[in-house]
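Remember, it's a predicted structure, so these values are computed and weren't measured experimentally.
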Amino acid sequence: MHRGGPVRATAALLEQPGQPFVLTQVELEDPRPDEVLVRVAAVGICGTDLEFATFFPTPALLGHEGSGVVEKVGAHVTSVRPGDHVAMSFASCGTCALCRTGSPAYCRGFDAVNFSGRRPDGSTAVTHEGREVNAHFLGQSSFASHVVAPERAVVRIDPSLDLLRAGPFGCGFQTGAGGVLNVLQPRPGSSIAVFGAGAVGVAALIAAGLSGCDVVTAVDVNPAKLEAARGFGATHTVDSSVGNTAEQLAALVPEGFDFVIDTTGREDVLRTAVEALGPLGRAGVIGIGPSESMSFEWRSILNGRTVTGIIGGSSLPQLFLPQLLDLNAKGRFPVEKMITYFPFEQINEAVAAVRSGSVGKAVLAF
């Protein structure tokens, strides 16, 4: 148990945007009154990490799907104590109207507290050889053996749960499942198409099954992912690399889908998804991807169709993550079947596997 003073941590540092991660030692400040020191057990690799690694100001410490054990808490922390097992999720200010009314995923200061690389006062808890490191990424920067995180980004979990499995629940699995369960809330018998059958998409597919959807369609360009999607509850699959995707979807649900979710962040994919909707259909936009803008032919959103952006599954992590983990423990949210574990030292090999699509979800274990 950490007693006090700076901590030396093993970290995967990004020295230049777009370059491989470099394993090195960094120094962490003691947690402030509203912060927690966590010894990381495992951390998932998310597409958001890979996207931000191409432009985030360096030197940088990324990673935001961490789980671990609390080693020290600040003087004002009340929700966790040393020895508690935790999953970590996004940060939020806790004081704006949206945070106070239970919508921290839409915190008015979300970008500042999650993507600036700094605390709200401009400081950083992480240094490397005397240089300040841009950290505090999505409340964590958990590509490291230890994390200094704000209390609001830490969720206490049942100590009987597998810590190595719990990390990705804080982002990818929460985001996909929450997009369905918290936002779209499909009625039993509904139809849904999920574009992108990676970790986020699989979580959405499982959640659609839990909701009682009759038609659950996975859309992807990777045949192996589509085959795996059937094991996670997809009743139909569409290989969008073959033939006309719109025609294939129309053949499945001629009257149009009730719901669609896009996890790709691609303009062409989202347009196809929206045009696959029926009257009063709802599209959930989750993916952060290569397209900077989205456009639609104006008639594609008539007949009551809506397009809704979704962050973090619109969840309150302290409530939603334990619920998902409980479903997982009962075998009803079996995302562990898509996890491949890598030693933390093999982070660059894990990133390559994620980019190639050869693994469903890569998790680094300490």
Margin query: Between Asp84 and Arg81 (side chain of the first, backbone of the second, donor and acceptor by atom type, cut-off under 3.5 Å), is there such a pair?
Written below: yes
Item checked: Gap between atom CD1 of Ile310 and atom CG of Leu184 - 0.5 Å precision -> 5.0 Å
Checklist line | Note, Val80 side chain near Val86 side chain (heavy atom, < 4.5 Å) | finding: yes
Notebook entry, point to check: So, Thr124 side chain and Val133 main chain: donor-acceptor pair closer than 3.5 Å or not?
Noted result: yes
Next item on the list: Mind checking the NZ-CE spacing from Lys361 to Met338? Nearest 0.5 Å is all I need.
Entry: 8.0 Å
Note to self: Are Leu321 and Leu210 connected into the same hydrophobic cluster when the rule is that any two of I, L, V, M, F, W, Y join if their side-chain heavy atoms are below 4.5 Å apart?
What the structure shows: yes
Check: Which heavy-atom pair separates Ser211 from Leu181 by the least distance, and what is that distance?
Finding: OG-CD2, 3.4 Å
Item checked: Arg305 side-chain N/O to Leu277 backbone N/O, donor-acceptor pair under 3.5 Å -> yes
Checklist line | Ring center gap for Phe115 and Phe56 short of 6.0 angstrom | finding: no
Margin query: Can you classify the ring geometry of Phe173 versus Phe169 as parallel (below 30°), tilted (30 to 60°) or perpendicular (above 60°)?
Written below: perpendicular
Next item on the list: Determine yes or no for a side-chain-to-main-chain donor-acceptor pair under 3.5 angstrom, with Ser145 supplying the side chain and Thr10 the backbone.
Entry: yes
Notebook entry, point to check: Is the centre of the Phe90 ring less than 6.0 Å from the centre of the Phe110 ring?
Noted result: yes
Checklist line | Exercise: identify the closest heavy-atom pair between Ala177 and Leu324 | finding: CB-CD2, 3.9 Å
Next item on the list: Test salt bridge (Lys or Arg N to Asp or Glu O under 4.0 Å) on Glu267 and Arg271 and set out the steps.
Entry: CA-CA 6 Å; Glu267 180 180 8; Arg271 183 165 183 158; 5.8 Å; no
Item checked: same_hphob_cluster(Val202, Leu226) at 4.5 Å side-chain heavy-atom cutoff -> no
Next item on the list: Evaluate the side-chain contact (heavy atoms from CB on, under 4.5 Å) criterion for residues Met88 and Val147: first the C-alpha distance (whole Å), next the side-chain angles of each, then the deciding distance (0.1 Å), finally the verdict.
Entry: CA-CA 10 Å; Met88 290 179 280; Val147 167; 4.0 Å; yes
Notebook entry, point to check: Is it true that Glu297 and Arg299 have a side-chain N and a carboxylate O under 4.0 angstrom from each other?
Noted result: yes
Margin query: Distance check, rounded to the nearest 0.5 Å: Leu62 atom CG versus Gln140 atom CD?
Written below: 11.5 Å
Checklist line | N-O pairing of Lys72 and Asp30 below 4.0 Å | finding: yes
Next item on the list: Rounded to the nearest 0.5 Å, what's the gap from CG on Leu98 to OG on Ser103? Could you check?
Entry: 6.0 Å
Next item on the list: Taking Ser300 for its side chain and Phe296 for its backbone only, find out whether a donor-acceptor pair lies under 3.5 Å.
Entry: no
Check: Does one hydrophobic cluster hold both Ile261 and Leu270, with members joined at side-chain heavy-atom distances below 4.5 Å?
Finding: no
Next item on the list: Could you pull out the closest heavy-atom pair between Ala276 and Leu249, with the gap in Å?
Entry: CB-CD1, 3.9 Å
Item checked: Partner set under salt bridge (Lys or Arg N to Asp or Glu O under 4.0 Å) for Glu132, not counting sequence neighbours -> Arg118
Next item on the list: Please confirm whether the backbone N or O of Val216 pairs with a side-chain atom of Thr235, one donor and one acceptor, at under 3.5 Å?
Entry: yes
Margin query: Distance alone, cut at 3.5 Å: any donor-acceptor contact between the side chains of Ser116 and His136?
Written below: no
Check: Closest approach of Ile311 and Ala105, non-hydrogen atoms and distance?
Finding: O-CB, 3.3 Å
Next item on the list: Output yes when a side-chain donor or acceptor of Asp258 lies under 3.5 Å from a complementary backbone atom of Ser191, and no otherwise.
Entry: yes
Note to self: Please list all pairs meeting salt bridge (charged side-chain N to carboxylate O under 4.0 Å, His left out) that have one or both residues in residues 139-163, counting only residues at least two apart or in different chains.
What the structure shows: none
Margin query: Restricting to non-hydrogen atoms, name the atom on Cys213 and the atom on Ile192 that form the minimum distance, rounded to 0.1 Å.
Written below: SG-CG2, 4.1 Å
Checklist line | Nearest-0.5 Å distance, OG1 of residue Thr217 to CD of residue Gln248 | finding: 10.5 Å
Next item on the list: Give every residue pair that meets the salt bridge (charged side-chain N to carboxylate O under 4.0 Å, His left out) criterion with at least one member in residues 35-52, sequence neighbours excluded.
Entry: Glu35-Arg119, Arg39-Glu71
Margin query: Using modelled atom types and a 3.5 Å cut-off, is there a donor and acceptor pairing between side-chain atoms of Asp262 and backbone atoms of Gly265?
Written below: yes
Next item on the list: Any salt bridge (charged side-chain N to carboxylate O under 4.0 Å, His left out) involving residues 197-212? Give me the pairs, sequence neighbours left out, ordered by first then second residue.
Entry: none
Next item on the list: Locate the shortest heavy-atom distance separating Ala197 from Asp220; write the atom from each residue and the value.
Entry: N-OD2, 2.7 Å
Next item on the list: To the nearest 0.5 angstrom, please state how far the OG1 atom of Thr263 sits from the CZ atom of Arg266.
Entry: 11.5 Å
Check: Hey, are the side chains of Phe137 and Leu61 touching, using non-hydrogen atoms and a 4.5 Å cut-off?
Finding: no
Notebook entry, point to check: Counting only N and O atoms by type, is there a donor-acceptor contact under 3.5 Å from the side chain of Ser92 to the main-chain atoms of Pro104?
Noted result: no
Next item on the list: Keeping to residues at least two apart or across chains, list the side chain to side chain donor-acceptor pair (under 3.5 Å) pairs with something in residues 311-321.
Entry: Tyr106-Ser314, Gln174-Ser315
Review item, side-chain donor-acceptor pairs of residues 339-354, under 3.5 Å, at least two apart:
from, atom 1, to, atom 2, distance (Å)
Asn348, OD1, Phe21, N, 2.9
Asn348, ND2, Phe21, O, 2.8

Next item on the list: Find out if a path of hydrophobic residues (ILVMFWY) with successive side-chain heavy-atom gaps under 4.5 Å connects Leu23 to Leu50.
Entry: yes
Check: Sub-3.5 Å donor-acceptor pair from the side chain of Ser67 to the main-chain atoms of Leu163, do we have one?
Finding: yes
Notebook entry, point to check: Do the side chains of Phe257 and Val180 join up, straight or via other hydrophobic residues, at under 4.5 Å, putting them in one cluster?
Noted result: no
